[in-house]
Structure formats: structure tokens, C-alpha cells
Amino acid sequence: SQPVLGIRCSITSRLITLPCLSAPGGVSLVVPQPNINATVAQNILLSVEYSCRGMATIEWKHVSSWGTTSIAEWRSGSYANISTVYNDRVTTFENGSIQLRNVGMRDAGYYFVTVMDEHGTNAYGTIIVNVYEIIYEDLHFVAVLFAFLAAVSAILICFMWLCNKSLHLFQKKTTHKLTASTTEEIELETIEC
């Protein structure tokens with residue numbers, strides 16, 4: 001159902017921006033990649049292109065199952081107000097795009113961008129981000145754990161073999177001593193008789 005949502009959102013974002021193109025002093029916004037697939041710890045670019053007459057205000061929000069979070073808001077040509085949650089992970093660009101560094105599973109969800117001109121005309125865009133865990137790290141962990149367990153097993157088997165060998169030698173010596181002492185006792189009994 002997610003690909004259908006991605007298509008629906010990209011169509012919606014483009015349909016909403018079309019009426020703004022014809023309005024005087026209107027805003028247009030294009031989302032070239034409305035669906036992004038990323039892996040954990042990857043950097044992603046949420047790319048948009050807008051045009052408007054005069055100054056524009058750009059605002060980004062993230063909506064997921066954990067709630068809605070404001071990411072950044074800025075006016076073109078001025079300092080960006082970035083949320084403390086994203087402060088060290090987000091870079092803003094003049095064209096309205098943002099780069100999100102070191103994504104995690106919590107970064108999956110919907111990213112909404114709003115561009116508003118000085119006259120209050122808005123344009124909206126949506127980008128869906130899917131974040132996947134890197135499977136080979138789990139396999140790597142399993143392989144290392146298996147190798148460790150195999151090494152421990154090999155050491156234990158060698159230790160048990162050495163213990164068995166030592167016990168066998170000890171029993172052999174004990175048996176030999178018992179045999180020797182029994183022989184001596186028999187010889188002594190024979191001499192006494």
C-alpha cells in the first residue's frame with residue numbers, strides 16, 4: 001500500500017501547486033523525488049524546487065507513528081531556524097531542499113514542505129521516506145558469534161582430550177604399580193612358605 005500512497009502524494013503535491021502558478025505573485029513547488037528509500041546511517045537529500053516573486057518562507061515537518069516534529073523554518077536569504085532534535089543533522093539549501101544526515105529507523109515517515117510567499121499564497125509538497133536496516137550487519141554479527149562459539153568448542157574439545165589422555169596415563173601408571181606390588185607380595189609369600 002505504500003507505493004500507492006507515494007504516487008497519490010506526488011500527484012497531490014503537483015496538483016496543489018498548479019493553481020499557484022497562475023495566481024499573481026503565486027508560488028510553485030516541484031518535488032522531483034516523492035519517494036525515497038534509505039538504509040540506516042545513510043545521508044538523504046529531500047529535494048524540492050520552488051519559485052515565487054519576492055521573499056518566501058520554507059517550512060519542513062516530519063510526520064510518523066511517533067508524532068509530528070518541526071524540522072526547520074527559514075526565509076529565503078536568511079538564517080534557518082532548525083529544531084533542536086535535528087540541529088546537528090540537517091542542512092538547508094536556498095532552493096528549499098534539506099539534507100538529513102545519519103538517518104535512523106525513526107526518520108521513516110512523511111516529510112511535508114510548505115512554501116509561502118509574502119502575500120500568503122502557499123504551495124505544499126510531500127516526500128515519503130522509507131528507512132531499512134542493514135541486514136548484512138546482522139549476518140556479520142551471527143558469523144562472528146558462530147566463529148567464536150566454534151573456537152571455544154575446539155578449545156574445550158582439546159582440553160577434554162588432554163584430560164582424558166592424562167587420566168589414561170595416570171591409570172596406566174597406577175595399574176603398573178599395583179601389578180608390581182602384587183607381584184612382590186606373591187614373591188614374598190612364596191619365599192616365606
Side-chain angles (χ1 to χ4, degrees), residues 1-13 29-49 58-74 79-114 124-176:
S1 67
Q2 285 185 347
V4 174
L5 287 174
I7 294 168
R8 189 178 299 143
C9 289
S10 66
I11 292 169
T12 305
S13 65
L29 177 66
V30 176
V31 179
Q33 191 177 358
N35 202 342
I36 296 174
N37 294 320
T39 54
V40 172
Q42 186 179 358
N43 298 339
I44 57 172
L45 179 66
L46 304 176
S47 179
V48 296
E49 281 286 337
I58 300 108
E59 181 183 12
W60 280 91
K61 288 186 178 182
H62 174 227
V63 178
S64 70
S65 57
W66 289 286
T68 302
T69 309
S70 180
I71 299 171
E73 184 177 345
W74 73 96
Y79 174 77
N81 182 17
I82 299 174
S83 169
T84 54
V85 177
Y86 291 94
N87 196 20
D88 57 342
R89 298 179 52 222
V90 168
T91 304
T92 59
F93 298 98
E94 279 299 310
N95 67 353
S97 302
I98 60 172
Q99 181 184 35
L100 186 59
R101 292 182 295 278
N102 196 24
V103 297
M105 295 303 290
R106 286 184 152 245
D107 292 315
Y110 296 88
Y111 287 81
F112 295 104
V113 58
T114 305
Y124 306 94
T126 305
I127 298 176
I128 300 171
V129 174
N130 301 305
V131 180
Y132 302 99
E133 290 181 325
I134 303 171
I135 295 172
Y136 70 83
E137 283 186 356
D138 295 337
L139 293 177
H140 178 73
F141 173 76
V142 170
V144 168
L145 182 64
F146 180 76
F148 174 76
L149 291 175
V152 169
S153 299
I155 291 169
L156 287 174
I157 288 170
C158 289
F159 181 71
M160 287 174 62
W161 180 81
L162 285 172
C163 287
N164 188 28
K165 203 69 162 160
S166 299
L167 182 64
H168 183 66
L169 288 173
F170 178 74
Q171 285 176 343
K172 198 173 189 182
K173 285 182 182 178
T174 307
T175 305
H176 180 67

Return the minimal non-hydrogen interatomic distance between [X] and [Y], and the atom names on each side.
{"X": "Ala72", "Y": "Trp74", "answer": "CB-CZ3, 4.0 Å"}
{"X": "Ser64", "Y": "Gly109", "answer": "CB-CA, 4.5 Å"}
{"X": "Ser47", "Y": "Ser97", "answer": "CA-OG, 3.3 Å"}
{"X": "Met105", "Y": "Trp66", "answer": "O-CZ3, 3.9 Å"}

Minimum side-chain heavy-atom gap [X]-[Y] below 4.5 Å:
{"X": "Ile127", "Y": "Gln33", "result": "no"}
{"X": "Val31", "Y": "Thr126", "result": "no"}
{"X": "Thr69", "Y": "Tyr86", "result": "yes"}
{"X": "Ile98", "Y": "Val113", "result": "no"}

Residues in side-chain hydrogen bond (donor to acceptor under 3.5 Å, both in side chains) with [X], at least two apart?
{"X": "Arg101", "value": "Thr91"}
{"X": "Ser70", "value": "none"}
{"X": "Gln42", "value": "Thr39"}
{"X": "Glu49", "value": "Asn95"}

_Results of side chain to side chain contact (heavy atoms under 4.5 Å, CB included) for Ala108 - residues two or more places apart only_ =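 Here the qualifying residues are Val131.
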*Distance-only side-chain donor-acceptor flag, Asn35 / Asn130, under 3.5 Å*: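 Per modelled atom types, Asn35 and Asn130 side chains form a pair under 3.5 Å.
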*Partner of Val129 by side-chain contact (heavy atoms from CB on, under 4.5 Å), out of Leu100, Leu46, Val103, Asn37*: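 Testing Val129 for a side-chain contact (heavy atoms from CB on, under 4.5 Å) against Leu100, Leu46, Val103, Asn37 leaves exactly one candidate, Leu46.
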*asked:* Tell me whether Trp60 contacts the main-chain N or O of Gly96 through its side chain, where contact means a donor paired with an acceptor under 3.5 Å.
replied: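 Side chain of Trp60 to backbone of Gly96, a donor-acceptor pair under 3.5 Å: yes, one is there.
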*Look only at the side chain of Asn43 and the backbone of Asn102, and say whether a donor-acceptor pair between them is shorter than 3.5 Å.*
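Indeed, once roles are kept as given, a pair shorter than 3.5 Å links the two residues.
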Give, for atom [atom1] of [X] and atom [atom2] of [Y], the distance between the pair rounded to the nearest 0.5 Å.
{"X": "Ile71", "Y": "Glu59", "atom1": "CD1", "atom2": "CD", "result": "10.0 Å"}
{"X": "Asp107", "Y": "Ile36", "atom1": "CG", "atom2": "CD1", "result": "11.5 Å"}
{"X": "Tyr110", "Y": "His62", "atom1": "OH", "atom2": "NE2", "result": "10.5 Å"}

Show every donor-acceptor pair shorter than 3.5 Å between a side-chain atom in residues 157-169 and any protein atom, with sequence neighbours excluded, or say none if there are none.
{"unit_1": "Ser166", "atom_1": "OG", "unit_2": "Leu162", "atom_2": "O", "d": "2.9"}

